[in-house]
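Read the structure below first, then the notes.
Counting convention: from 1, in listed order, for ligands and their atoms alike.
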Amino acid sequence: MKVAFFSTKSYDKSCFEKHNKNIHELIYLEATLNKHTVNLTQGCDAVCAFVNDQLDASIIKKLKDNGIKVIALRCAGFNNVDLKAAREENIKIVRVPSYSPMAVAEHAVALILTLNRKTHKAYNRVREGNFSLERLIGFDLYGKTVGVVGTGKIGQFFCKIMLGFGCRVIAFDLYPNEALKSLGVTYVSMDTLLQESDIISLHCPLTKDTNHIINKKAFSKMKKGVMLINTSRGGLIDTVEAVKALKNKTLEYLGIDVYEQEEKLFFQDLSENIIMDDVISRLISFPNVLITSHQGFLTREALDQIATVTLKNLSDFENGNPLKNEVKFNT
Ligand code: NAI
């Protein structure tokens with residue numbers, strides 16, 4: 001199949017080339033998919049898209065007009081896709097439901113350890129000959145209460161790592177996981193989680209119900225001095241309220257790999273540009289905020305898995321096989 005491959009980065013291209021073996025004709029495009037670039041799909045059968053490509057109803061309609069039959073998401077989340085519109089246009093959506101959940105869980109832990117023990121600051125200091133320990137004090141993770149929102153594939157790996165540190169792990173999920181309970185995770189209400197956690201880590205998907213799940217009210221219930229980690233989707237946190245919580249010191253640490261307005265920023269080198277987003281500029285200015293630009297998934301193992309599953313999804317569609325990884329619209 002001829003596939004318009006949007007938002008291509010060098011690591012995507014090298015990994016897909018390694019696994020494709022000329023089965024599909026992959027047209028690598030650096031542009032993200034949006035109303036200005038959608039016509040690059042003319043003459044193609046399929047689109048391969050990533051987290052910040054726009055797949056709303058108007059784009060999907062144009063894709064249909066251009067002859068696109070299937071959209072292969074090379075990611076797990078599908079909050080950027082209008083599934084109803086895709087069904088109406090009879091365009092199939094396939095995704096990679098799981099690609100190294102360990103990678104994202106481990107990145108969440110990296111954010112915690114860096115924020116806590118300030119290794120990023122120590123690294124810069126020592127390089128400049130500053131061997132002082134002033135203002136580098138952290139805290140023991142051992143014995144602290146970690147609240148995990150969403151204990152699916154990523155959340156459960158995260159729980160196990162934090163149990164390994166000797167933390168008390170409490171969790172909130174619509175569907176508690178019995179195996180995790182037997183390992184020592186205690187399921188509690190969202191309110192209890194907010195009230196008791198020293199560290200809160202978000203691992204649920206972004207849906208209508210979870211949009212701004214961490215809002216003004218949620219911040220008001222948290223312990224003063226809490227650490228908040230989000231490697232899931234930016235929209236889970238009301239970022240303007242997070243800035244207020246940092247200012248009033250409810251939030252003592254914030255670590256995010258995702259950001260509400262990330263599609264205008266992430267995955268690009270904007271180092272010579274003026275950043276027009278005042279909220280992220282404010283966040284960057286805090287000494288106790290650590291931002292990474294959606295790199296939680298970025299391990300060799302995850303990239304291999306993303307490429308092999310995406311290519312298989314495309315081949316299954318082309319060959320009329322059952323689509324194991326199809327995402328359907330649920331009314
Ligand atoms: P999953 O579907 O295996 O688990 C999600 C869990 O959240 C499920 O157990 C579900 O019951 C729970 N959940 C759903 N609604 C909830 C609610 N209202 N309150 C509490 N829990 C709720 O998903 P997985 O693979 O663990 O991924 C989680 C999220 O991580 C994805 O939706 C995606 O947004 C994000 N992600 C981020 C990546 C990154 O690079 N930073 C890479 C991959 C995924």
Residue portion contacting ligand 1 (non-hydrogen atoms closer than 4.0 Å) for Thr210: side chain
Parallel, tilted or perpendicular: ring planes of Phe267 versus His294, cut at 30 and 60 degrees: tilted
Under-4.0 Å heavy-atom contact with ligand 1, by part of Ile154 that carries it: both
Distance from atom 31 (C) of ligand 1 to nearest protein heavy atom, with residue and atom: Ser232 OG, 4.1 Å
Shortest protein heavy-atom distance from atom 15 (N) of ligand 1, along with the residue and atom involved: Leu174 CD1, 3.6 Å
Contact with ligand 1 for Leu206, non-hydrogen, under 4.0 angstrom: no
Note: Glu88-Lys84 ion pair, threshold 4.0 Å (strictly below): yes
With sequence neighbours excluded, residues passing salt bridge (Lys or Arg N to Asp or Glu O under 4.0 Å) with Lys92: Glu326
Nearest neighbour in protein (non-hydrogen) for atom 19 (N) of ligand 1: Phe172 CE2, 3.4 Å
Nearest-0.5 Å distance, CD of residue Glu263 to CD of residue Gln261: 6.0 Å
Salt bridge Lys312-Asp316, side-chain N to carboxylate O under 4.0 Å: yes
Atom 43 (C) of ligand 1 - nearest protein heavy atom and its distance: Tyr99 OH, 3.4 Å
Any side-chain heavy-atom pair of Leu323 and Phe317 under 4.5 Å: yes
Numbered atoms and elements of ligand 1 in range of Gly296, under 4.0 angstrom, heavy atoms: 40 (O)
Asp277 and Lys264 ion-paired at < 4.0 Å: no
Atom 28 (C) of ligand 1 [closest protein heavy-atom partner, distance rounded to 0.1 Å]: His203 O, 3.4 Å
Proximal candidate to atom 40 (O) of ligand 1 [heavy atom criterion; set Phe157, Phe297, Phe158]: Phe297
For Val104, atoms of ligand 1 separated by under 4.0 Å from a heavy atom: 38 (C), 42 (C), 43 (C)
Winner among Arg233, His294, Met190 once heavy atoms are compared against atom 34 (O) of ligand 1: Arg233
Numbered atoms and elements of ligand 1 in range of Tyr175, under 4.0 angstrom, heavy atoms: 11 (O)
Atom 23 (O) of ligand 1 - nearest protein heavy atom and its distance: Lys153 NZ, 4.3 Å
Sub-4.0 Å heavy-atom approach of Cys204 to ligand 1: yes
Lys223/Asp198 ion pair, N-O < 4.0 Å: yes
Fellow cluster residues of Ile154, listed by chain then number, with links counted only when side-chain atoms sit under 4.5 Å apart: Val104
Heavy-atom nearest neighbour in the protein, as seen from atom 9 (O) of ligand 1, with distance rounded to 0.1 Å: Asp173 OD2, 2.6 Å
Asp238/Lys216 ion pair, N-O < 4.0 Å: no
Heavy-atom nearest neighbour in the protein, as seen from atom 14 (C) of ligand 1, with distance rounded to 0.1 Å: Pro205 CD, 3.6 Å
Min side-chain heavy-atom separation Ile23-Ser315 under 4.5 Å: yes
Heteroatom proximity flag, Asp257 to ligand 1, N/O under 3.5 Å: yes
